[in-house]
Structures are given as C-alpha cells and as structure tokens.
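The residues of the chain are indexed from 1 along the displayed sequence.
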Amino acid sequence: MSHEHPHAAEAAGGRRRPRVVVLGGGFGGVYSALALEKLLGARDDFEIALVNRENYFVFQPMLPEVISGTIGVTDVVSPIRRLLPRTTLHLRDVEAVDLERRRVVLSPGFRAHAHEIEYDHLVLALGNVTDFRGLTGLPEHALPFKNLGDALTLRNHVIRCLAEAAVEEHDAELRRELLTFVVAGGGFSGVEVAAELNDFVRAVLPQYRGLRAEELRVVLLHSQERILPEMAESLALFAQRILMKRGVELRLKTRLAAATGTAAVLGGGERIMTRTLVSTVPSSPHPLVERLGLPMAKGRVVTNGELEVEGHPGVWAVGDCARVMTPDGQPAPPTAQHAIREGTLVAHNIAASLRGGVRRVFAFKGLGKMGSLGHRSAVAEVFGVRLSGFPAWWLWRTVYLMKMPGWGRRLKVAIAWTLDLVLPPDLVQLRVGGTRGLSREHYEPGQEVFRQGELGDRLYLILSGEVEVVREEKRERRVIARLGPGQWFGEMAILQMTIRSASVRCVAPLDVLSLPREEFGVLATHLPDLRQRFDTLAAERQRAPAPVSSAVVGGGPARDVGV
C-alpha cells in the first residue's frame, strides 16, 4: 500500500478497496482514468491511482503549434488533478513493477524512503520514448520532439538562431548554419514540425534587420519515396507540393546517419551544415515495458481482444506501448483516437472484472487521418472522404478543438487562433533551463572544435577519437600536436583569460566531454591541487621548445598545446 496515502478508504473488515493503478499520463492513461471515474459513479467500490512524471496532460496533436506561438505554451496542457478529481495522482517516475507481488515501485520524493503502490488491476499506458541509440551524435546534438519541453526548447533555439544570424557579420559560414533548419522524419510529426517551423521563421523574418528570405533554408529529410506514408498517395503528393511551394526543401530517400554540433550527416556521407537538427524518429518502447518480461511483438506489449496482457490477469495495456489488433486483423496505429477508445474499453472491462459483467472486445476501426501543413492548409481522410487545402485545415482544427478536454481550454485555444489571424507572431524567448554545463559532444573528421582567435569558453576531455592542434603563424598553418583518448585541450585560454592560440580539428570520429569556463573556474577555486596542476602544465607548455605528439605524452595533454 502506498506509504504516502494512509487515508485511502478501506472496505468493511479492514480490507482496502480494490485499486486500479494507471501508469502514464498520455491519451491512453488519462482516458482510462476518466472512464473509470465515470464508471465509479456513486458506488465508490474501487479506487484509482495514476502515476505520471508531470501533473499535466499534453494534447499532442497541437504541440507543433507551440513552435510558432500560434497557441500559448499552457494552452496545449490540462491539469490532471482538474481532469481527474477522484483519482490519486503520484508525480513520480516508475522504478519497477513487481508482477508477482502486484506492486509498483516509484522513485523517491523529498525523502528517500520506499514508495510502493499495491494494485489489483494495472494499466500500462507508458507510450514510447525517443531512442537515438546507435545513431552517432544524435543523443548529443539532435533536438527531439516528443513533449512540451521539447517544443519549448525548439522554439527558444530557433529564436536564438535568428537573433544571432541577424548580428553575425564576420563569419558567413556560421550565418548559413544558423539560418538552416533540418527536420528528420516525414511522418505526421515531422511534416507538421517542418511546416510550422517554416511558417514561423518566414513570418518573423521582417522583424530582423539584415536577414533575407533567400537565406532561409528549411530541409525535411525522409527515408522513403514520399512523405506521409500513412496517407493516400494523392494526399501525400499534395502535401509535398504545398511544402515545396512554401520553401521547404524535401530530401526523399535520404536517411540521417549521424549528427554533429554543426552538421546533419546523411547516409551517403553528404553533410548539411546546420545548427538546428530536429529528429522526430525513431521511437522505442519505454524501458520499463522492455524489462517486465511480458509477451512483446515489434516492441509493443501483446494483448488479447479485451486489451488484457496474455498470461497476466489483471494487467492491461493501451496506447503506443500496446499491440492491439483491430477488426481487420492489423495492429492499431499509435494515434490519439485509438488510444482514447482503448482507454475507455479497458475501463469498462476492469469494472466488469471487479463487479461482474460482460467484457467487450476492441472493435474500433478508426475514423480517419489528418495532418496539418501550416498556413491554413492540411490533408485529411475521414470516413473514406479525402480532403486537402483549406477545407482539410478547417476540419483539422474543428475536430481537434472539440477533442480537447474542458471547455475552458477550448475557449483559450479558439481565442489564440483568432488573434493569430490579425497579430504578428510573438518572439519572446523563455529561458526556463539552466546554463549548459558538462556535456558530451560529437565531431566528424574535418570539423573544427574551435578556431584560433576565438574566445576560450570550454575545456575538452577526449573520450574517443583523435584531434590535431593547428597553429597559424604568418599565414602558414602547421600541425603542432595530435591528441587522443584521455587527453584534454582548451584550458590555456581559460586559465589566462585570453583567446585561443591554435585551432583544434577532428581527425577521427571524436567524442568529448566539454566543461564550461564557469564550472571549470568553480572546480579550480575549490580544488587547489587541480588548479596547481593546470598552472604547472601551463608553465611547462610555455617553456616547451618543440612540439610533443600525443604518442609521447601518454595520459596527459601535449606540453606545448597552448589552446
């Protein structure tokens, strides 16, 4: 029983009421709990608990509009406590599920004591997660687009890129990188992100003096022959024409292979130089689901027609993490409309199990598919009718507006949409995160980590790969050292509060840990031995008469690499 909820009501005889625990606050989880509350009614013969990291529900279909500011950040979220007044909400991460003891183990709160919840019925609605494993450089440099934080981060990043490009007068290459935006993935999410991003940067361009429309470049990468493979070919081709007409560059049959801080590396080795790479693929099962040992197929939990997990009575699965079969024998697609119906059906079947009654089988075939293309255009296929352009856009907005939970939220969104027709886009940059601390970075051969003459702002420790240190003197460039794993560089400019005295260029695929100047200063201040070691090395470098290669240096940095 939960240690933090001793007030939970108990049935006569000292036994607690049956408890339904829902893991996940997406469409599947929230609508399961909503339906359970309706079925609970006045009988109050079971209790409901929902576990989610955030205390809000995100209306995912409208998330791309946060990028352009068409609707406000809080307009796409609804407080779970208001949606589910009779559900106990646990704002925790799920650490483990004990299927034998029928307990869920949650992460600690303010105090590190055990927090477990017993369950009689468990609903798995954890969805999937962004997975960059095996994709070189993407975990370090690609921007995912999965949740509200991702959308806000992308919006802030794009505004910063535009602001920096507007005042960049010395480095034409950097200016091009700042004004190039790459989106990987041509499904619904990728297309909608690319469309909103393209509309936004072109709409706000007049507010930046010195920027020209021909400098902007928005690129959509997709590995297949056409975007929106879920849609009919005619609608997908319409979407392609609309995006290209509005300035989006489509790169079809093109796979993203790797990423660095300044480039998207394509499958054939081509590089698109950019400071903004958004990846809407790939996704993988939630790590917890993978660890449970439940029957899986193609990364999703196998359920029967009633959405109960095969071989595990009382364990149910809905949404993106569940393999639910539709009446035509195909797995249900990971869409909101299916997750909502699955959650409602699970609630009915759980109530039937607790109270006695007839369970139902999932029989929803889907109402259709819709995708926004921005700028009052969309594609839709509803009840077999295909629409495109403005009619599809009007239908898209109408349907999703009515699906939003709560009339107050619908009213806010409707007002925001109306004001967007007459007011210019908002350029407020909300800095909600902290400073960029210790981070991991990836570079490809030929790329420069930093250049001679730049300000010294970070210290680098090589994890794998190799770099060469190049110094330019009297218009001549010479390699003064090569550094490998376990060595570091970049501290001289920080210690002496000066500019870089050499450039560092990647020779073999490179992974480094980089530490900002501020954090390095804190360490050096509070660890006198560390500061003394770096000062000693700095003095040795100043006295070094000749270059020392990394092969000679061993575990430390080359003595004469003053960068």
Side-chain angles (χ1 to χ4, degrees), residues 5 8 17-63 74-91 94 104 117 119-127 147-148 303 306-308 314-322 324 332 334-355 357 359-360 362-364 367 399-413:
H5 294 274
R17 293 172 295 164
R19 180 182 294 126
V20 182
V21 175
V22 181
L23 304 184
F27 277 98
V30 166
Y31 278 86
S32 295
L34 275 171
L36 283 167
E37 285 197 0
K38 290 180 181 179
L39 292 170
L40 188 60
R43 295 179 60 173
D44 206 30
D45 56 344
F46 61 86
E47 59 181 275
I48 311 162
L50 186 142
V51 181
N52 195 48
R53 180 181 297 177
E54 291 87 15
N55 73 339
Y56 54 81
F57 162 72
V58 181
F59 196 76
Q60 290 281 347
M62 293 183 182
L63 200 56
T74 59
D75 292 339
V76 296
V77 298
S78 301
I80 293 179
R81 293 189 188 279
R82 184 180 298 171
L83 292 175
L84 304 170
R86 304 183 66 181
T87 297
T88 302
L89 178 62
H90 299 259
L91 298 178
V94 182
V104 177
I117 310 176
Y119 68 82
D120 297 276
H121 289 268
L122 178 68
V123 180
L124 299 174
L126 292 167
N147 53 44
L148 182 62
T303 69
E306 299 169 353
L307 306 192
E308 194 171 30
V315 179
W316 313 77
V318 298
D320 294 359
C321 72
V324 177
T335 63
Q337 58 178 312
H338 285 84
I340 291 172
R341 271 75 177 187
E342 291 165 14
T344 303
L345 179 69
V346 159
H348 170 84
N349 288 343
I350 289 175
S353 300
L354 292 172
R355 297 171 174 171
R359 295 186 183 185
R360 295 203 297 256
F362 187 74
F364 180 65
L367 302 177
V399 169
Y400 281 130
L401 183 65
M402 297 311 297
K403 284 183 176 292
M404 290 200 78
W407 280 102
R409 194 68 50 186
R410 295 171 194 169
L411 182 60
K412 284 186 175 182
V413 171

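Evaluated for a side-chain contact (heavy atoms from CB on, under 4.5 Å) with Val123, the options Ile48, Leu50, Val20 yield exactly one hit, Val20.
Distance alone, capped at 3.5 Å, is enough to place a donor-acceptor pair between the Gln337 side chain and the Leu367 backbone. A donor-acceptor contact shorter than 3.5 Å is absent between the side chain of Arg86 and the backbone of Leu36. Within the 3.5 Å criterion, the main-chain N or O of Leu345 finds no donor-acceptor partner in the side chain of Arg359. Not one N or O on the side chain of Arg360 forms a donor-acceptor pair closer than 3.5 Å with the backbone of Asn349. The closest donor-acceptor contact from the side chain of Arg410 to the backbone of Met404 lies under 3.5 Å.
Rounding to the nearest 0.5 Å gives a distance of 9.5 Å between CZ of Phe364 and CD of Glu342. Once rounded to the nearest 0.5 Å, the distance linking CH2 of Trp316 with OG1 of Thr303 reads 10.0 Å. Atom OG1 of residue Thr344 and atom CZ of residue Arg341 lie 7.5 Å apart, to the nearest 0.5 angstrom.
Every residue meeting the side-chain contact (heavy atoms from CB on, under 4.5 Å) condition with Leu411, not counting sequence neighbours, appears here in chain and number order: Ile415. Every residue two or more places apart in sequence or in another chain that forms a ring-ring contact (aromatic ring centres under 6.0 Å, His included) with Phe57 is listed here: Phe27. By the salt bridge (Lys or Arg N to Asp or Glu O under 4.0 Å) test, Arg355 pairs with Asp45, sequence neighbours left out. Asp120 pairs by the salt bridge (Lys or Arg N to Asp or Glu O under 4.0 Å) definition with Arg16, not counting sequence neighbours.
Sequence neighbours left out, the pairs with a member in residues 50-60 that pass salt bridge (Lys or Arg N to Asp or Glu O under 4.0 Å) are Arg53-Asp93. For the side-chain hydrogen bond (donor to acceptor under 3.5 Å, both in side chains) condition, the pairs that include at least one residue of residues 25-37, sequence neighbours left out, are Glu37-Thr87.
Asn147 places none of its side-chain heavy atoms less than 4.5 Å from the side chain of Val58.
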